[in-house]
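The structure appears below as structure tokens.
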Amino acid sequence: MSVLAIIGGSGFAALPGLEVEESRPVETRYGATSASLIRGLLNGQPLCFLARHGAEHRLAPHRINYRANIQALVDAGCSSVVALGAVGGIHPSCPPGTLCVPDQLIDYTYGRVQSFYNDEADGVCHVDFSEPYSPVLRQQLIAAAAVAETPLYEGGTYGVSQGPRLETAAEIRRMARDGCDLVGMTAMPEAALARERDLDYATLAFVVNWGAGLSDEAITMDAINEQIGCCADAIGRLLAVFAEQRAALSG
Ligand code: HPA
């Protein structure tokens, strides 16, 4: 069984329940990671944890060094990554508070370094990205949610917007027409870089607001932070079961 990594998104600069054994800053050939790489035990199971936005949430989605983060996990021996991500809900079945394991994404970002094959010297590489998320890891998360009795929206398409501003109502209507069920800012290029490095990668998304224009209420950071707090317990329970079940699978 592969070494597991968890990338923490908004609200998860630390992982609830993680017993930290080691925390060290990492400099890769692509630069520094967003935060120190943490090794620890979750429910007794070893894993690596990295805070995507930095320990003090200082990095906006478009400023994250996604290549350094993914390379650091590879260098640490990780081969599976569960990426936590706060998102807006677009599909009517994804109100705030919903946990989701999307199975598709659409990339609306621009100006981010999208590939490890960025320079002529790196050569050309076209990875298969038909299924951007690992079906095996997704099923393991879905199974863990069932055991943890955590309701989960299985599947769905994550639309990745550039940010850092939130979307206009018209942009959300367009994303809905495109088939997006969720909107967030960090799944790309993270998922594609993970694929280029042959990592199993899945997103555990949690809905913290309705997409712009889908509710009468203004989207405020206070409301988003309150909703993150509401999701934290369920995410912690699910991940604790997930870590335990993976250990059981590896015998
Ligand atoms: N849009 C984009 N990213 C987000 C949102 C949103 O509404 N909520 C949380 N992350």
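For this chain, numbers begin at 1 and follow the sequence in order. Start at 1 and go down the list; that is how both ligands and their atoms are numbered.
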Look at atom 6 (C) of ligand 1 and say which protein heavy atom is nearest, naming residue and atom and giving the distance to 0.1 Å.
Leu166 CD2, 3.5 Å
Distance alone, cut at 3.5 Å: any donor-acceptor contact between the side chains of Glu167 and Ser161?
yes
Quick one: look up the protein heavy atom nearest atom 10 (N) of ligand 1 and list residue, atom name and how far away it is.
Ala86 O, 3.3 Å
When you measure from atom 4 (C) of ligand 1 to every protein heavy atom, which one gives the shortest distance, and what is it?
Val183 O, 3.7 Å
Between His91 and Tyr153, is the gap from one ring center to the other below 6.0 Å?
yes
For atom 5 (C) of ligand 1, find the nearest protein heavy atom and state the residue, atom name and distance (0.1 Å precision).
Gly88 N, 3.5 Å
Derivation and outcome, side chain to side chain donor-acceptor pair (under 3.5 Å), residues Ser115 and Glu196:
CA-CA 8 Å; Ser115 175; Glu196 283 186 351; 2.7 Å; yes
Within the distance-only criterion (no hydrogens, no angle test), does the side chain of Asp119 pair as donor or acceptor with the backbone N or O of Asp122 below 3.5 angstrom?
no
Give the atoms of ligand 1, by number and element, whose distance to some non-hydrogen atom of Val208 is under 4.0 Å.
8 (N), 9 (C)
When only distance counts, is Glu167 in polar contact with ligand 1, meaning an N/O pair under 3.5 Å?
yes
Going through the checks in order, is the side-chain contact (heavy atoms from CB on, under 4.5 Å) test met by Arg67 and Asn118?
CA-CA 11 Å; Arg67 293 203 303 181; Asn118 208 43; 3.6 Å; yes
With only distance considered, is Ile219 within less than 3.5 Å of ligand 1 through an N or O on each side?
no
Is there any N or O on Asn209 that sits under 3.5 Å from an N or O of ligand 1?
yes
Shortest protein heavy-atom distance from atom 3 (N) of ligand 1, along with the residue and atom involved:
Gly184 CA, 3.4 Å
